[in-house]
Chemist: 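Handing you a structure now.
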Amino acid sequence: DAKTTQPTSMDCAEGRAANLPCNHSTISGNEYVYWYRQIHSQGPQYIIHGLKNNETNEMASLIITEDRKSSTLILPHATLRDTAVYYCIARTSYGKLTFGQGTILTVHP
Amino acid sequence: EAGVAQSPRYKIIEKRQSVAFWCNPISGHATLYWYQQILGQGPKLLIQFQNNGVVDDSQLPKDRFSAERLKGVDSTLKIQPAKLEDSAVYLCASSLVAGRPNEQFFGPGTRLTVL
């Protein structure tokens, strides 16, 4: 599975959009981009995944560049409850979820 | 829909003792995973079951760790004997079936402290 690179930490003001970037320059054609988050003292929680097209669900939007070498997770109106570690993972259908260090997102009042 | 259940939530043992963790996945989920999460790191897959068969146990320290999933539902993970470096959160997750881009649902984890 392709390696992903994320910033160590980011801040966001409550009510503003949080844009979390992820680089996956070696991603292969059959690898999906997954996003999970982990709130303190809880297990990871699935957010969204995509292959080529942009995706949106009730939690977030996922924007994947045309060359698929990077993506951005967008939380449109961040709340204090969105403070968590966000993991970007590239994997095939049969691949493992290989978690890196992730991005610590802190949402400020 | 009930989530993934794990017990106990916390466990403190001394090194060289044995410990076991239990996981009940979401009903109907064929695939079950055990992860180890050391403080400050992301979770690391230890073992993956498809029904009651092992799919991947390449990162399971088999000299001291064992896991089983009898009848393809509940699972137990055992450490015998425990070492200090086994202190971590042990997470169980389940998914409908492997081989599709579906999500994994995680339990709350068991926090193990080895003294």
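Every heavy atom of this structure was used, including side-chain atoms; hydrogens, water molecules and symmetry mates were not. Just so it is clear: chains get the letters A, B, ... in the order the sequence lines come, proteins before strands, and each one is counted from 1.
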Chemist: When you look at NZ of B:K71, are more than 12 heavy atoms from neighbouring residues, nucleotides or ligands closer to it than 6.0 Å?
Modeler: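 It does not: B:K71 NZ has 12 such atoms or fewer within range.
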Chemist: Evaluate the side-chain proximity of A:F99 to B:L45: yes if any heavy-atom separation is below 4.5 Å, no if none is.
Modeler: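 Not in contact.
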Chemist: For the interface with chain A, which of B:G42, B:P43, B:P108 has the highest count of heavy-atom pairs at distances below 4.5 Å?
Modeler: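 Option with the top pair count is B:P43.
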Chemist: For the CG atom of B:L91 and the CD atom of A:Q38, what is their distance to the nearest 0.5 Å?
Modeler: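 Result: 6.5 Å between the selected atoms.
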Chemist: By a 4.5 Å heavy-atom criterion (distance strictly below it), what part of B:Q6 contacts chain A: side chain, backbone, both, or neither?
Modeler: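 When you check distances to chain A, no heavy atom of B:Q6 falls under 4.5 Å.
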Chemist: Less than 4.5 Å apart, side chain to side chain, heavy atoms only: is that true for A:K96 and B:Q59?
Modeler: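 Side chain of A:K96 against side chain of B:Q59, heavy atoms only: contact under 4.5 Å found.
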Chemist: If you draw a 6.0 Å radius around CZ in B:R64, do more than 12 non-hydrogen atoms from other residues or ligands fall strictly inside?
Modeler: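 Yes.
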Chemist: Please determine whether side chain to side chain contact (heavy atoms under 4.5 Å, CB included) holds for the pair A:L97 and B:Y33, giving the CA-CA distance in whole Å, both sets of side-chain angles, and the decisive distance to 0.1 Å.
Modeler: CA-CA 10 Å; A:L97 275 182; B:Y33 314 79; over 6 Å; no
Chemist: Side chains of A:Y34 and B:E103, heavy atoms from C-beta outward: is any pair under 4.5 Å?
Modeler: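 The answer is no; the side chains never approach within 4.5 Å.
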Chemist: Could you tell me whether A:L80 atom CG has more than 12 heavy atoms of other residues or ligands within 6.0 Å of it?
Modeler: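 For A:L80, atom CG is crowded (more than 12 foreign heavy atoms under 6.0 Å).
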Chemist: Does A:Y46 share a hydrophobic cluster with A:V85, counting links as ILVMFWY side-chain heavy atoms below 4.5 Å and allowing steps through other members?
Modeler: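 A:Y46 and A:V85: one cluster.
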Chemist: I need the residue from A:P44, A:G102, A:G100, A:S41 with the largest number of non-hydrogen atom pairs under 4.5 Å to chain B.
Modeler: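 That would be A:P44.
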Chemist: Contact between A:Y36 and B:Q104 at the side-chain level, heavy atoms closer than 4.5 Å - yes or no?
Modeler: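 Side chain of A:Y36 against side chain of B:Q104, heavy atoms only: contact under 4.5 Å found.
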Chemist: Does CD in B:Q41 sit with more than 12 non-hydrogen atoms of other residues, nucleotides or ligands closer than 6.0 Å?
Modeler: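 Atom CD in B:Q41 is crowded, with more than 12 foreign heavy atoms closer than 6.0 Å.
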Chemist: I'd like to know if B:L32 and B:I26 are part of one continuous hydrophobic network [Ile/Leu/Val/Met/Phe/Trp/Tyr, side-chain heavy atoms within less than 4.5 Å].
Modeler: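 No, it is not one cluster - the side chains of B:I26 and B:L32 are not joined through contacts under 4.5 Å.
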Chemist: Taking A:I104 as the starting point, is it possible to reach A:M10 by hopping between hydrophobic residues whose side chains are less than 4.5 Å apart?
Modeler: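 Looking at the clustering, A:I104 is in a separate group from A:M10.
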